[in-house]
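Okay, so here's the structure we're looking at.
Positions are given from 1 along the sequence.
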Amino acid sequence: MTDTTQRIFLSYAGPDQAWAEWAGWQLQQAGHQVELDRWHWRTGDDFVQKMNLALGKADAVVALFSRHYFEPKRWTREEWSAAVALRGRLVPVAIELLNDDDIPALLAGTLRTDVHGLDEAAATSALLEAVHGPVPPTGPVDFPGAASADAPTAPDAQRPRLPSSVGLPEVWNVRRRNPDFSGRETVMGQLRTGLLSGRQAVVQALHGMGGIGKTQIALEYAHRFASQYDLVWWVDAEQADQLPVRYTELADRLGVAKSDAGSEPNARALLQHLRTRHRWLLVLDNAEHPDQIEPWLPEGPGHVLITSRNPDWHGIAHQSDLDVFTRTDSLAYLKGRISGMTTEHADLLAQDLGDLPLALAQASGVLRSGMTLDRYRRLLTTDTARLLQESDVRDHPAPLAATVGIAVTRLADDGHADAVALLRLGAFLGPEPIPTAWLETARPRLATIPGDPDDPMWLRNALQPLGRFGLARTDYDAFQIHRLTQAILRTQTGPDPVVAIRDDVTAVLAAVDPGDPRSPADWPAWASLTAHLTAPHVTTALAHQAALRATFSKAAHFLICSGLPRAAHDLSAALHQAWSTDLGPDHPDTLTCAQFLGHATVELGDYAKGHLIIEDTLVRRRRVLGADHPETLHSANDASTNMSLLGETVEARRVQEDVLARRRRVLGEDHPDTLTSAGNLASILNESGEYVEARRMHEDVLARRRRVLGEDHPDTLNSAHNLAGLLNTLGEHVEARRMNVDVLERRGRVLGEDHPSTLASASNLATSLDALGEHVEARRMHEDVLERCRRVLGEDHPDTLASASNFASTLHSLRQYPEAAGLLKEVRASYVRHFGAKHPKTELATRNLATVLIAMGKTHEAQQLTGRKSDKGKRRFGRKRR
């Protein structure tokens, strides 16, 4: 690297990529090393990390200032302060006229170089001078607004041009730019990179379902990079046999058409002309037949952009499989179109619409016309097809409902009866991917699928047209239908076919055997199945199917075990209501469902409501099944555990001792259920202060579980977690730390980083570190666990409150008393609301808050809080073990 060469990081907004390419090329020509990144500083990006990495390598950051660059929510004042203004050398280059109001106050006074309005020679000189001082012109340059009489040489044809404000290319037939276009910056960057990947004709195909925004992306690309082309021509390619006619129009515009020749010879003349011409873009919109399009693809040094529903462009074009909006893009779109819409409401609507761009556009139009969001969401559930038939979206030929209907009609008219039947079957499953193995297994029992059930190619022959018509996304082992396409198809299906289709859906789901819902190894298979079982229209329609009752119950059990209590609660509640009506409240299946409903309710932190459900289930099971039945003992165990959570330790101990004695007699010493009761009793003894006996029992249960279940079984890890917590209570912090490190690593690997049990282990490890004097690391861990608990469990969940309390303890150790007091006041107020002032959790929070207040010198406030005189000596800070 010479003395004048610099490592330059080029920072820009996505819509200004053409400017970034031009500036990067010019800086590279001047000998600099340029890092041209494509990030856009959106909410959710790790801005500081990215900027730190860039600044770590860069001698300078060239920032292309524009209104796009300073759009709200793309970055924050704090991030600029930390990552740019105080860390690196910033070289601002304004690429459009900006007022002081356009630039954040932090940067308003920064000297910047203006290149907008200059010709290319002057702009290049200004850019290079901004980086390293004045430089002379290196030779003649082309101004982007001037038409060149001769075709440029190959190297010149490849270099980016200065984006010109003079106007559009001379040869241009693209309709107006969509002012509402937003998002898709990653796709736009990938598309530009793909088209720049070769010197000869580069053909890029954007494919995806109808309404996903293929045409809008192509339109935005054409406008955004218009300055880089001399010719941009848009062709409606839906009718492939009309391509010669469309090409003749361009040939005539370029002066290469012959009036006495037909459309095909003129089209051939155009293709020959494009072989020798540089800087052209041809957009083939809605091209659905690759084999018919291929003979008409140009081969010259230009770009072809194809939009299509058909994914089968292999061997013809570079393919980009276009998906729905990211949720971030959906939120930005909705909030930009609908004045006053909150992030929460936008998120709910985006979820309902499956982030489909056309559906979001239609919804925006309807909501702006006066319909309330609540009413729109209700209609979306009850009258989907009618609602999605309403549209004032410009530049789209039909609303979503009509788009789906047209595609299905074409599918049927082309003789694909098996594909239509498979599509309608898939519409009554959930919106998640449908494994093809399910259909292969259930095929002999599917009455609505025509053809030979023994034909090994039936599924391939049915799926291929669905992908070609853009009605489903197909993969080698699954296919997926968008939720709105499903809803439209369901509303368009008559009552008689619905009965037969639901029977087939039942056959498909009943044939799936994901394994043990308690085993983490089987959880991926259960997650795939449960995603369909919990879809509201599936649960409602199939809850009454006897063949699925066992599958539904196991799904609820899986959701509890895998740390998804809200989903478990909602599924169990719907099933319990249906089964209580169909089977009666005392039927064994209804009671099993009630057991999981009670368990899920407790896991959500609603101990009082969970107590009512669990007690009712226990009474019914004792009457129907008997006191010693394993299911009755399940309910009795749950009742004892919940009593302990409610602070009723004495009664919880009595019930659990009875359950343990019965399970030992009925099931044996080493049965997993017996070990569960023994472990729960040990935890109750710990809460009661009987540490010696609690330790003996925990150690015994841990040894048995390791032998019976294995080291990594969730129950084994629960025992190790509980023993580590007790050791910390006993002051054996070094051993507690060792065990907590081991359990945290195993739980993270087996259960996942955000599973509630994993978070509990992280909290306990932080507590051990604090006890060992490693307060700074303990604070970091507690802060991280608390943030994740709030996100995963909610602000007022008991586990979240326990984490906040333990975090406050570490803050107390660090003498950060005001922050600790603020946390504890929130914790105590939540405990009072949910459990009352006399609950042990509330009393512990009260004592801890008083301890912090005393440390702050607020003895009188502490006395008022506790109702008694506080000693002035050092008080021990109590912790809540999770």
Side-chain angles (χ1 to χ4, degrees), residues 513-531 534 554-568 596 599-600 602-604 637 641 670-680 682-683 698-728 735-769 781-782 784-789 791-793 797 799-800 802-803 881-882:
D513 182 12
D516 185 353
R518 298 166 296 180
S519 171
D522 293 329
W523 286 355
W526 270 109
S528 179
L529 177 59
T530 303
T534 55
K554 289 179 181 179
H557 196 184
F558 151 72
L559 291 169
I560 291 170
C561 293
S562 61
L564 299 169
R566 170 54 61 190
F596 294 136
H599 196 153
V602 171
E603 290 293 322
L604 288 171
N637 172 77
T641 301
D670 286 346
H671 190 281
D673 291 350
T674 305
L675 296 178
T676 295
S677 282
N680 288 343
S683 294
H698 274 314
E699 289 176 339
D700 179 68
V701 172
L702 176 58
R704 291 174 185 270
R705 279 178 161 167
R706 282 173 171 163
R707 174 166 48 82
V708 173
L709 303 173
E711 290 277 356
D712 284 346
H713 192 281
D715 290 352
T716 306
L717 296 176
N718 283 344
S719 287
H721 169 81
N722 291 334
L723 178 58
L726 176 55
L727 293 176
N728 209 53
E735 179 60 13
R737 173 183 179 169
R738 185 196 67 78
M739 289 191 70
N740 278 319
V741 167
D742 181 67
V743 174
L744 177 59
E745 185 278 327
R746 292 175 186 271
R747 277 180 161 173
R749 171 167 45 82
V750 174
L751 305 177
E753 294 294 333
D754 282 346
H755 191 285
S757 295
T758 306
L759 296 179
S761 285
S763 182
N764 279 7
L765 175 57
T767 297
S768 295
L769 294 174
M781 286 195 69
H782 275 312
D784 176 67
V785 171
L786 179 57
E787 185 278 327
R788 287 196 281 162
C789 282
R791 171 168 49 82
V792 173
L793 303 172
H797 192 282
D799 286 357
T800 304
S803 289
R881 186 176 61 84
R882 291 176 57 189

>> Any donor-acceptor pair under 3.5 Å linking the side-chain atoms of Asn637 with those of Asn680?
In response: yes

> Roughly how far, to the nearest 0.5 Å, is the CG atom of Leu786 from the CE atom of Met781?
Replying inline: 13.0 Å

>> Which residues pass the side-chain contact (heavy atoms from CB on, under 4.5 Å) test with Leu675, not counting sequence neighbours?
In response: Val701, Arg704, Arg705

Acceptor/donor pairs from residues 735-743 side chains to any protein atom, 3.5 angstrom cut, sequence neighbours excluded:
residue: Glu735; atom: OE1; partner: Arg738; partner atom: NE; Å: 3.1
residue: Glu735; atom: OE2; partner: Arg738; partner atom: NE; Å: 3.2
residue: Glu735; atom: OE2; partner: Arg738; partner atom: NH2; Å: 2.6
residue: Arg737; atom: NH1; partner: Glu774; partner atom: OE2; Å: 2.4
residue: Asn740; atom: ND2; partner: Ala736; partner atom: O; Å: 3.1
residue: Asn740; atom: ND2; partner: Ser768; partner atom: OG; Å: 3.0
residue: Asp742; atom: OD1; partner: Arg746; partner atom: NE; Å: 3.1
residue: Asp742; atom: OD2; partner: Arg746; partner atom: NE; Å: 3.0

> Under the criterion side chain to side chain donor-acceptor pair (under 3.5 Å), which of Asn718, Thr758, Asp712 is the partner of Arg747?
Replying inline: Asn718

> Within the side chain of Ser803, is there an N or O that forms a donor-acceptor pair under 3.5 Å with the backbone of Asp799?
Replying inline: yes

>> His797: which residues meet the ring pair (Phe, Tyr, Trp, His ring centres under 6.0 Å) condition with it, sequence neighbours left out?
In response: none

> Which pair of heavy atoms, one from Pro524 and one from Ala521, lies closest together, and at what distance?
Replying inline: CD-O, 3.7 Å

> How far apart are the closest heavy atoms of Ala762 and Leu744, and which atoms are they?
Replying inline: N-CD1, 3.8 Å

> Any donor-acceptor pair under 3.5 Å linking the side chain of Thr716 with the backbone of Glu711?
Replying inline: no

> Got a sec, which pairs hit salt bridge (charged side-chain N to carboxylate O under 4.0 Å, His left out) with one end in residues 517-529, sequence neighbours left out?
Replying inline: Asp516-Arg518

>> Tell me the closest heavy-atom pair linking Trp523 and Leu751, and the distance in Å.
In response: CH2-CD2, 3.5 Å

> Pro565: what forms a side-chain contact (heavy atoms from CB on, under 4.5 Å) with it, not counting sequence neighbours?
Replying inline: Glu603, Leu604

> Residues two or more places apart in sequence or in another chain: which of them pass side-chain contact (heavy atoms from CB on, under 4.5 Å) with Ala555?
Replying inline: Trp526, Thr530, Leu533, Leu571

> Taking all atoms of both residues into account, what is the closest heavy-atom pair of His782 and Ser763, and its distance?
Replying inline: CE1-O, 3.5 Å

> Is the backbone of Cys561 close enough, under 3.5 Å, to the side chain of His755 for a donor and an acceptor to pair up by distance?
Replying inline: yes

> Roughly how far, to the nearest 0.5 Å, is the CG atom of Leu723 from the CG atom of Asp700?
Replying inline: 11.5 Å

> With respect to Asp715, which candidate in Val708, Leu709, Leu702 satisfies the side chain to side chain contact (heavy atoms under 4.5 Å, CB included) definition?
Replying inline: Leu709

> Which atom pair, heavy atoms only, marks the closest approach of His557 to Pro517?
Replying inline: ND1-CG, 4.2 Å

> Once you round to the nearest 0.5 Å, how far does CG of Leu769 lie from CG of Asn764?
Replying inline: 11.0 Å

